[in-house]
Each structure stands twice: as C-alpha cells, then as structure tokens.
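Every chain is numbered from 1, with letters handed out A, B, ... down the list of sequences.
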Amino acid sequence: MPELPEVEVVRAGLEPAVTGSLITGVEIFDVRSLKRHSVLAGPFADLLAGHRMLAAVRRGKFLWFPLSSGRALVTHLGMSGQVLLRAPGAVEDGLLRIRLSIEHPTLGEFWVNFVDQRIFGSMAVDELVPTPDARPAGFAGATSLDPAWAALIPSQVAHIARDPLDPAFHETTFFAALNRKNTGIKRALLDQTLVSGIGNIYADEALWAAKLHFEQPTSSLGPRVARRLLAEVRLVLTKALAEGGTSFDAQYVNVNGASGYFSHSLNAYGQQGKPCPRCGHLIVRAAFMNRSSHFCPHCQKLRRPRATQ
DNA sequence: AAACTGACCTGCAAGC
DNA sequence: TGCTTGCAGGTCAGTT
C-alpha cells in the first residue's frame with residue numbers, strides 16, 4: 001500500500017524519536033512479520049536490545065535504522081504496514097505484530113508499534129554493505145552529515161534502485177534500461193530494480209499526467225517522452241509528499257495515526273466511472289498484473305500499437 | 001536472460 | 001442477519 005510519499009512521511013515522523021534512542025525491549029507478537037529476518041543473523045530481539053538507532057533512512061519504499069552494532073533494522077510496510085509512535089502504556093493497537101520499547105536521551109520513552117493487517121510487510125536485522133557508487137544509500141533527512149553509515153545499505157535492499165527523488169538517481173541508466181526492455185511502461189515503473197518508490201497509485205497518476213497508456217512499450221518511448229514521464233513521476237511524488245501521502249482509510253497513517261490528503265488530488269487512480277479532469281471522457285479500470293490500472297481511454301491511447309493477431 | 005505468474009495474508013464492502 | 005465474492009497501497013520465488 002504505502003509508496004514513496006507515504007513511507008517518507010513515516011520516516012520523517014520517526015526520525016526525531018528514534019535517532020540516538022536506545023532499544024530497551026523487543027516484543028514479537030507474530031513471527032510472520034519477521035519473514036525477511038534471516039535466522040543466520042541471530043535472534044531478532046537479541047540483535048536489537050541494548051543497541052542504539054543512529055538514524056532513519058529510506059530508499060524507495062524500504063526504511064532502515066542503522067544500529068550502533070554496525071547492523072541495521074530494516075522495515076518494509078508491504079501493503080498494509082504502519083509504524084506508530086506511542087507513549088508507553090498507551091491503549092493497544094489492533095493487529096500489532098512487533099513492538100520496540102525505546103529510550104531517547106532527551107525526549108524520553110516511546111513504544112514503536114509495527115502494525116500490519118496483511119503481514120506483507122516485515123522487520124529484520126540485516127548486515128550493511130557499501131553502495132557500489134559510494135554515494136549515500138538513501139534519504140536520511142537532517143541526520144545525514146557524512147556519518148559512517150551513510151554509504152552503507154542493508155544487503156536485502158542492495159538490489160533496489162535509487163528512487164527518482166534521490167540526488168544520486170542515475171537518469172541515463174534508467175532511460176537506457178527503458179530502451180532495452182521488452183515490456184510495458186507501467187510494468188517498468190513498478191519494477192523496483194529500475195526505479196524505486198513507485199507503486200500502483202503513483203504509476204497510474206504519472207502515466208495519466210504524461211498521457212501514456214500503461215501498456216505502451218518502453219522501447220517505443222523516445223528520449224523526450226521518457227524525460228517527460230520521469231518529470232511527471234517526480235512531480236506527483238513531490239505533491240503527494242507535500243500533502244502527507246494518500247489515505248483511503250485507516251490503513252495508511254503517519255506515525256501519529258493521522259491520514260494524508262492526496263486522495264483528494266487523484267486524477268486517475270480509483271476514479272473509474274468519473275470524468276477525466278482533462279478531457280471529460282470517463283476513466284476506465286482495466287485488469288493488470290493481478291491488480292488494476294486506471295486510465296483515460298481518450299488521452300492515454302496506445303501509440304504505435306503492436307499487431308494484435 | 002528476461003518476462004511474467006502466483007503465493008503470501010487479513011479485513012472490508014457489496015451483493016445475495 | 002449471515003454467507004460468499006471481489007478487492008486492496010508490494011515483493012519475491014518460481015516457471016516459462
């Protein structure tokens with residue numbers, strides 16, 4: 001569920017509370033939320049208790065907290081994950097899977113509650129490895145002043161591409177990959193090894209803004225169109241972030257449980273049956289990759305379509 | 001090698 | 001009211 005803007009809202013909310021905090025307790029209520037944790041690393045709780053979190057870092061939809069032990073706590077929200085900051089003793093959150101008790105040097109004690117309805121998300125303690133380009137591995141907000149962990153990335157996140165808001169995102173490599181690939185543009189936007197952070201909502205929104213059909217072959221995009229699309233991706237992610245992300249229900253909330261407002265700004269996603277804000281034709285929903293694509297059939301036509309036997 | 005399909009899960013709304 | 005069905009913001013292993 002949460003895409004880059006939603007995950008960034010969570011990261012930014014956690015940053016002040018977790019940076020410098022000592023982990024004093026770990027409670028696991030559902031081991032399925034540890035599916036990304038390798039038992040070879042050791043018991044999850046033992047690898048956390050007694051160590052400090054040094055920062056809150058994000059690349060795409062992955063979030064991690066470098067630890068004083070030299071490892072990192074990795075968090076992915078999956079489709080329905082939330083990380084909630086609570087005062088110790090607060091009323092129980094439903095669907096609570098993991099809880100960390102932490103102690104901040106000046107702000108005091110918190111509960112970090114990992115809540116996840118569908119359990120597609122997870123937490124794990126992972127090794128940190130150097131980034132190939134020696135650039136900062138992800139976005140760390142105000143904490144990143146060339147610290148030791150900046151150019152280190154959790155091993156399980158290393159295969160994920162940089163996101164389009166990352167200053168080290170390599171545009172040329174991305175455009176070259178689009179040229180080389182033999183697939184549709186939406187599939188490519190959702191491929192986190194090409195560009196990270198984009199999910200079903202923002203893929204549909206960016207394609208609507210760029211007037212591209214979701215099955216337009218990537219290899220058919222000229223340099224100008226590809227640039228335009230990337231610009232639209234950045235624009236929609238930035239706008240959504242400014243509005244606190246997209247919330248349809250209580251499933252996506254920030255660390256305090258509050259919703260974002262971007263759902264009011266959607267032009268295509270979930271708008272099937274409503275008029276396209278640009279041309280007035282009705283937005284259509286189509287099956288795509290075991291999910292849905294939403295688009296305007298009038299201003300998002302397939303160009304140079306391949307022969308359809 | 002690259003492209004694509006299920007599997008993994010729970011809860012909610014809509015339809016009967 | 002209670003059942004069934006379809007649907008949901010993602011990733012990964014496995015199969016062609």
Report yes or no: is the cationic atom of A/Arg86 (NZ for Lys, CZ for Arg) under 6.0 Å from the centre of the six-membered ring of A/Trp111, at an angle within 45° of the ring normal? no
Assert: residue with more 5' nearest nucleotide on DNA chain C, out of A/Arg118 and A/Leu190, is A/Arg118
Starting at the 5' end of DNA chain B and moving along, which residue's nearest nucleotide shows up first, A/Lys181 or A/Asn290? A/Lys181
Consider the side chain of A/Phe62, meaning its heavy atoms from C-beta on, and name the nucleotide among B/dG11, C/dT11, B/dT5 that approaches it most closely. C/dT11
Nearest listed nucleotide, side chain of A/Leu95, among B/dG11, C/dT11, B/dT5: B/dG11
The side chain of A/Ile119 lies closest to which of these nucleotides: C/dG10, B/dT10, B/dA3? B/dT10
Would you indicate which nucleotide in C/dT11, C/dA8, B/dC9 comes nearest to any side-chain atom of A/Ser292? C/dA8
A/Phe120 atom CZ is separated from B/dA7 atom P, nearest whole Å, by 12 Å
Across the strands shown, which category fits A/Arg285 at heavy-atom distances under 4.0 angstrom: base, sugar-phosphate, nothing? sugar-phosphate
Please answer whether the main-chain N or O of A/Ser155 pairs with a side-chain N or O of A/Asp126 as donor and acceptor at a distance below 3.5 Å. yes
Starting the side chain at C-beta, find the nucleotide from C/dC12, B/dA3, B/dC4 nearest to A/Arg187. B/dC4
Counting the benzene-type ring for Trp, do A/His213 and A/Phe295 have ring centres under 6.0 Å apart? yes
For A/Gln156 and for A/Tyr269, find the nucleotide of DNA chain C with the closest heavy atom, then tell me which residue's nucleotide is more 5'. A/Tyr269
Could you state the CE-P distance from A/Met289 to C/dG10, rounded to the nearest angstrom? 10 Å
Measure from the side chain of A/Glu3, starting at C-beta and using heavy atoms only, and say which of C/dG10, B/dT5, B/dT10 lies closest. C/dG10
